[in-house]
Number of protein chains: 2
Amino acid sequence: MSDLYIGIDLGGTNIKVGCFDDKMNLLKKDSSPTNADMGPEVVVENIGLLTESLFKDGGYSFKNVKGVGIGTPGPVNLREGIVVAAPNLPAFRNTPIRKMVRQRLEKPVVMENDANAACFGEHVIGAGKGVDDMVFLTLGTGIGGGVISNGQVVHGYADDAAELGHIIIFPDGRLCGCGQRGCVEAYASANSTVARAIEAIRQGGKSSLSKLLDDTGKITCKQIYEAVANGDELAMNITEGTARALGLLCVNILHFSGPRRIVFAGGMIAAGDMLLKRIQYYFDKYIWPMKEESLEICFATLGEDAGIIGNAALARYNLKKGELS
Amino acid sequence: MSDLYIGIDLGGTNIKVGCFDDKMNLLKKDSSPTNADMGPEVVVENIGLLTESLFKDGGYSFKNVKGVGIGTPGPVNLREGIVVAAPNLPAFRNTPIRKMVRQRLEKPVVMENDANAACFGEHVIGAGKGVDDMVFLTLGTGIGGGVISNGQVVHGYADDAAELGHIIIFPDGRLCGCGQRGCVEAYASANSTVARAIEAIRQGGKSSLSKLLDDTGKITCKQIYEAVANGDELAMNITEGTARALGLLCVNILHFSGPRRIVFAGGMIAAGDMLLKRIQYYFDKYIWPMKEESLEICFATLGEDAGIIGNAALARYNLKKGELS
């Protein structure tokens, strides 16, 4: 029987658990609500029960599990294995999650922040496979990121590297949820794309989305991209702004860590080729003309499984380095 | 006798060579003009002669040399040991400098780009000593950079990482020498600081520097900072622009690789505390208020020796990893 690895993706809404073989084939996965407000002890017990039922249902031997990886929202202290104070896990405060999971599952555990774990998943078997220098960006409510250089996740001194959504691209620009102005997240996240569209409509812009906004009080990013597909000019201006911000971000990423590939993930990539082509357009527009760039810009391939895959792969990676405890 | 290492800093104007012991103490150094226009063969022969005279004059035994590090201007291909096409070394084009130096000195040689080498020097015995996550910035004619993450120099896929001067901070802003618009180099290098001052004066700004410009046709960055010290308002506005650009860059650097320390080097740091305090001011102004940052912003301590030190240290580092050939 192959060695097994467990990947756990602890989100604000759901816990996902996956069981993987040594080649990172997903054998079985399951999920349950996090119930984060019930506190860390209850959440960890839920993780335990979910994992046990996964192995029981799948008929896998828990004895063969060599390691566990758990990804959590940040900020985190990875050396200590602590969730410091995650906005999405309100009852968690300096919670020693790694130790708690280790005690519950009685297996060695490695911890990572969620975006880095998903990045590592894409690196190991997804859109960044075989690429030792890559950058990962999730376009969702906010914008998260991960950076891999020389095949290693870049954590930084305080485990807060790769906050790529908060790279400032327009100084003194739009206010971001983080308190800074002009962050790329304040323009190009799903939420900000919607916010900019609503502002444009409220300022008198003509759009097929106006009625929807009047009727329902809201619009979604998906609806904006549908309006683009139908030739809505306001929607096109808004999504051009999103692509421009992301193209500029790609230029800055290239000059920072020189990746071979930038991988976009998250709900917004449902916009498809339309989005990718416009990001590439703005990258080409803003990058220097000095030389042909080898950077590739593409979409992630693992979808929502990237987290459990990445966490399981990090358990394997750390075990092989002799650093899993 | 201790093992010895040679560090070579091959610049457009001068070649510097240093001989170091195993603890990276500088035993002896020397320099000579590069004469880059005479071609790579002549330059490499000069490196050989300079090195030989260094050992002869110092009474050190060349037999004890365990490795050589050479830093060159970019773009480079580090895997192949090639200077691709350095603007400062016009006769060098796909020049296999590592192999040529290895043949001339008959020692194993590692190659690095110049800014990365200086960064590594500061990391080993300078302002970044003991800091495994640091970023290095040289403020000179242009702005160069180096990034160290997890104690390793970040090269990127095409050996063009850490082009930090070409991070775009003001999209569609000032034209940079690289062809992009709004690069930090287009605002905050010594050349750009001077260019912005001259523009401001030519646009009718009142300044004590006007007469100097009229009389001599030029001003220097040093003179601008002297004018600041004397309360010249135009000069103050210009240097505030420089510090603001660098403060914004520091915010973006922090969100990218999360360094413990950002180390500024290059001719412009002669401006002293005045410059450093204003960079820190703008960093504090633009960074999110979410948490106390542990980032330190400081000046380099090795001056012009950073290159030879870093190259010698890279020879030692690669030898110990078993990767020096």
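Below, all heavy atoms of this structure are taken into account, side chains as well, without hydrogens, waters or symmetry copies. Residue numbering restarts at 1 for every chain, and letters A, B, ... go by the order of the sequence lines. As the structure is a prediction and not an experimental result, all values here were calculated from the model.
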Atom group of [X] that falls short of 4.5 Å from chain B, counting heavy atoms:
{"X": "A/Val153", "result": "backbone"}
{"X": "A/Ser149", "result": "side chain"}
{"X": "A/Arg181", "result": "neither"}
{"X": "A/Ile287", "result": "both"}
{"X": "A/Leu248", "result": "side chain"}
{"X": "A/Arg244", "result": "side chain"}

Item to complete: Please confirm whether B/Phe256 and A/Phe256 have ring centers closer than 6.0 angstrom.
Response: yes
Practice prompt. May I ask you to check whether B/Phe264 and B/Phe136 place their ring centres under 6.0 Å from each other?
Written response: no
Worksheet entry | Derivation and outcome, side-chain contact (heavy atoms from CB on, under 4.5 Å), residues B/Val124 and B/Lys129 | CA-CA 5 Å; B/Val124 172; B/Lys129 191 175 173 181; over 6 Å; no
Discussion item. Looking only at the side chains, is there a donor atom on one of B/Asp172 and A/Tyr286 sitting less than 3.5 Å from an acceptor on the other?
Written reply: yes
Discussion item. Assess, by modelled atom type and distance only, whether the side chains of A/Thr239 and A/Thr242 contain a donor and an acceptor separated by less than 3.5 Å.
Written reply: no
Worksheet item: Taking the side chain from A/Arg196 and the backbone from A/Ala188, do they hold a donor-acceptor pair closer than 3.5 Å?
Response: no
Worksheet item: Does B/Glu199 pair with B/Arg174 as a salt bridge, N-O distance under 4.0 Å?
Response: yes
Among the listed options [options], the residue most often paired with chain A at heavy-atom distances under 4.5 Å:
{"options": "B/Glu293, B/Gln152, B/Lys291, B/His166", "value": "B/His166"}
{"options": "B/Cys178, B/Pro75, B/Ala85", "value": "B/Cys178"}
{"options": "B/Ile253, B/Asp159, B/Val131, B/Val135", "value": "B/Ile253"}
{"options": "B/Pro171, B/Gly179, B/Gly165", "value": "B/Pro171"}

Discussion item. With a 4.5 angstrom heavy-atom cut-off, is it the side chain or the backbone of B/Ser294 that approaches chain A, or both, or neither?
Written reply: side chain
Worksheet entry | Toward chain A, the part of B/Pro289 with a non-hydrogen atom under 4.5 Å | both
Practice prompt. Name the option with the most non-hydrogen atom pairs under 4.5 Å to chain B; the candidates are A/Arg260, A/Lys285, A/Glu163, A/Arg261.
Written response: A/Arg260
Worksheet item: Yes or no on ring-ring contact (aromatic ring centres under 6.0 Å, His included) for B/Phe120 and B/Tyr317, after CA distance, side-chain angles and deciding distance?
Response: CA-CA 10 Å; B/Phe120 197 75; B/Tyr317 176 83; 5.5 Å; yes
Worksheet item: Passes side-chain contact (heavy atoms from CB on, under 4.5 Å), A/His123 versus A/Asp132? Steps please.
Response: CA-CA 8 Å; A/His123 166 63; A/Asp132 273 352; 3.7 Å; yes
